[in-house]
Amino acid sequence: MASGWGWGNLFGGNAAKNKDAPKNAILGLRSTLEMLSKRERHLQNQMDEQDGIARKNVAANKGVAKAALRRKKNYEHQLEQTSAQMLTVEREISSIETANINKETLDAMKNAQRAMVNIHGGLTIDIVDQTMEDLREQHAIGDEIAEALTQGNIGQGVDEDELDEELAELQQEELDNKMLKTGSVPISDQIQRMPAVGTGEIKGKQQRVEEDDEEEELRKLQAEMAM
């Protein structure tokens, strides 16, 4: 039949005893302190009693009074010893409590250190730098892929003639806006207001009007640009 006792129980029991040792020591010292406190009160009562006997017999029976004082001195000496013992016990309790707190603090710091080691594991500065470099490379690859995917669509089907036409429209619109600001009448309005004449005459006059207006507008535009 196998026994339930073994090396594991032995070491486990020792560990438990070592852990409870400070607490047990403090409990024992407090029990001793309580006993000394009771003895202190008892000795004080005995001293008060012998002092009363001495006072009562100081005139009538000096021998009894003297014996009472002798017993009082004996109790007083025991009381002094008891008080000194109580101070020693109290000091030991404080020392054990302080030592136990220091141990608990150290154990907590050790646990924190082990936790930090587990968290960092094999992490080193070189690994961190390499990881950041790999991330930068992947970001660059992502940018290149995005550019490659959109490169064929950007600017596809652009007609240069269409761009020139749109540019000319913008220039004409800008010119019309400037003429409106300066009070000049656009060429098309002046042509529409001319009286009806022969076709040849209209064409000649229209050509001259257009040339004059163009020169006039050109001069105004040059003047505005010079301002």
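Hydrophobic cluster membership for L79: L43, M47, Y75 (Ile, Leu, Val, Met, Phe, Trp, Tyr linked by side-chain heavy atoms under 4.5 Å, directly or transitively). As a member of the Ile/Leu/Val/Met/Phe/Trp/Tyr network built from side-chain separations under 4.5 Å, I96 groups with I26, L29, L33, M35, L36, M86, V89, I93.
Side-chain polar atoms of Q172 and D176 form a donor-acceptor pair below 3.5 angstrom. Between the side chains of Q46 and R71, no donor-acceptor pair of N or O atoms lies under 3.5 Å. For the residue pair D134 and Q130, a side-chain donor N or O sits within less than 3.5 Å of a side-chain acceptor on the partner.
More than 12 heavy atoms of other shown residues, nucleotides or ligands fall within 6.0 angstrom of atom CG in L123.
Cluster membership check: L149 shares its hydrophobic cluster with I141, using side-chain heavy-atom separations under 4.5 Å among Ile, Leu, Val, Met, Phe, Trp and Tyr.
In this structure, R41 has no salt bridge (charged side-chain N to carboxylate O under 4.0 Å, His left out) partners at least two apart in sequence or on a different chain. Not counting sequence neighbours, E173 has no partner by the salt bridge (charged side-chain N to carboxylate O under 4.0 Å, His left out) test. Considering only residues two or more places apart in sequence or on other chains, R70 meets the salt bridge (charged side-chain N to carboxylate O under 4.0 Å, His left out) condition with none of them. Under the rule for a side-chain hydrogen bond (donor to acceptor under 3.5 Å, both in side chains), the partners of D48 that lie at least two apart in sequence or sit in another chain are Q44.
S95 places a side-chain N or O within 3.5 Å of a backbone atom of R91 that can act as its donor or acceptor partner. Listed for the N61 side chain is no donor-acceptor partner under 3.5 Å among the backbone atoms of N57.
Taking the side chain as every heavy atom from C-beta outward, E169 and E165 approach each other to under 4.5 Å. Counting only heavy atoms from C-beta outward, the side chains of L135 and Q138 never approach each other to under 4.5 Å.
The two residues A54 and A68 come nearest to each other via the heavy atoms N-CB, 3.8 Å. The minimum heavy-atom distance between D51 and R55, with the atom names listed, is OD2-NE, 2.7 Å.
Checked options E90, E92, E97; the residue passing with R30 is E97 (criterion: salt bridge (charged side-chain N to carboxylate O under 4.0 Å, His left out)). The one candidate from E104, K103, K110 that meets the side-chain contact (heavy atoms from CB on, under 4.5 Å) condition with L106 is K110.
Interatomic distance, NZ of K72 versus CD1 of I53, reported as 11.5 Å (0.5 Å rounding).
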